[in-house]
Amino acid sequence: MYLPVISTMFGGEDCTIKSDSNSSTATLDSDPNINCFKNIHIPFMICSLIALVMYYPAASFAQSQTQNISDIKFKPRVVFIFAQLKVILAAVTLFATTLIEFYLGAVLAVNILFMGINIVLKPCLVNWVNRLRSVLFSLALAATVCSWIAYGGAPKIAPLILLIVSWIALAILFYLFYKFEPTLSDTLTSLGLKKNIININNNNNNNNKSSKEQELNKV
């Protein structure tokens, strides 16, 4: 319910300006019969802003701290970051309905952040969930890029073909990557570095012990 409630509160300020040769008027998108910043919209907007200020911080914190599914847990700080990015998407969806370039750019940036954070921080304690999320974020990113291509004036069928091909290619790449993903231990062993690292650590420990013994002898 977090995003729907936030979107509803944003809706109180979501106005569209319509202009003609003589004048311009701003109407509320959720109810075009209401003129913005006049009469009934003023208390409606004030109440929406007050509710947003009270609800948003508490709900963001609660979402990161309370998780109902016992077997699949996420790191609270990453959940909090994802919640803020979702709020940005909700705001862009409401307020940038006519600014297509800005809307697609924001969606592209948020998708990149989603995928990057998921790959680097691995927010879920269950490994296969992180892998699945990485795949889904990459598919969403490919869809956004194809939307850019379609908006740029490409033939109607071309973005669709590109989307299908990119999704199939990404699915194959992720399958191969996760199937043959080498662990750090295997990589170090194959490169002959693991043994050297262990020897270096042992030498350092021995040197530290020797220096401490010498200091004790001096005392």
Side-chain angles (χ1 to χ4, degrees), residues 1-118 120-121 123-125 129-130 132-133 136-137 139-141 143-148 150-151:
M1 293 299 292
Y2 175 74
L3 269 186
V5 173
I6 291 288
S7 299
T8 302
M9 294 175 183
F10 280 148
E13 295 76 39
D14 183 22
C15 298
T16 298
I17 299 176
K18 300 177 181 178
S19 58
D20 52 28
S21 57
N22 296 324
S23 62
S24 61
T25 58
T27 58
L28 193 65
D29 282 3
S30 57
D31 188 352
N33 295 321
I34 298 178
N35 292 325
C36 290
F37 314 114
K38 294 180 181 178
N39 302 325
I40 194 174
H41 181 250
I42 293 176
F44 183 69
M45 180 178 63
I46 292 173
C47 291
S48 296
L49 290 173
I50 292 173
L52 182 63
V53 170
M54 295 177 64
Y55 176 82
Y56 170 64
S60 297
F61 177 77
Q63 177 137 4
S64 63
Q65 298 298 324
T66 57
Q67 300 181 50
N68 296 326
I69 302 176
S70 58
D71 293 335
I72 300 177
K73 295 287 187 181
F74 292 86
K75 299 174 184 177
R77 62 170 183 170
V78 182
V79 174
F80 182 82
I81 294 172
F82 272 91
Q84 311 319 304
L85 294 175
K86 291 177 183 177
V87 170
I88 293 174
L89 277 181
V92 170
T93 302
L94 282 172
F95 296 115
T97 51
T98 58
L99 305 174
I100 305 301
E101 295 89 349
F102 178 78
Y103 172 78
L104 289 175
V107 172
L108 182 65
V110 171
N111 279 332
I112 292 173
L113 288 173
F114 275 152
M115 189 170 64
I117 292 172
N118 192 78
V120 174
L121 298 181
C124 187
L125 302 180
V129 175
N130 290 322
L132 178 62
R133 286 163 61 90
L136 295 178
F137 286 140
L139 297 181
L141 183 60
T144 307
V145 172
C146 291
S147 298
W148 266 107
Y151 178 73

With under 30° as parallel and over 60° as perpendicular, where do the rings of Tyr151 and Trp148 fit, or are they tilted in between? perpendicular

Please verify the inter-ring angle class for Phe114 with Phe82; under 30° counts as parallel, over 60° as perpendicular, anything in between as tilted. parallel

When rounded to the nearest 0.5 angstrom, what is the spacing between [atom1] in [X] and [atom2] in [Y]?
X: Tyr103; Y: Leu108; atom1: OH; atom2: CG; result: 12.0 Å
X: Ile100; Y: Ser147; atom1: CD1; atom2: OG; result: 10.5 Å
X: Phe102; Y: Phe95; atom1: CZ; atom2: CZ; result: 11.0 Å
X: Leu85; Y: Ile112; atom1: CG; atom2: CD1; result: 12.0 Å
X: Ile50; Y: Met45; atom1: CD1; atom2: CE; result: 10.5 Å
X: Thr93; Y: Ile88; atom1: OG1; atom2: CD1; result: 11.5 Å

If you compare all heavy atoms of [X] against all heavy atoms of [Y], which two are closest, and at what distance to 0.1 Å?
X: Asn35; Y: His41; answer: O-CB, 3.4 Å
X: Lys75; Y: Leu121; answer: NZ-O, 2.8 Å
X: Ile117; Y: Pro123; answer: O-CD, 4.4 Å
X: Leu141; Y: Asn111; answer: CD1-CB, 4.0 Å

If you count every heavy atom of other residues, nucleotides or ligands that lies below 6.0 Å from Ile40 atom CD1, does the total exceed 12? no

Answer whether the closest heavy-atom distance between the side chains of Leu28 and Phe44 falls below 4.5 Å. yes

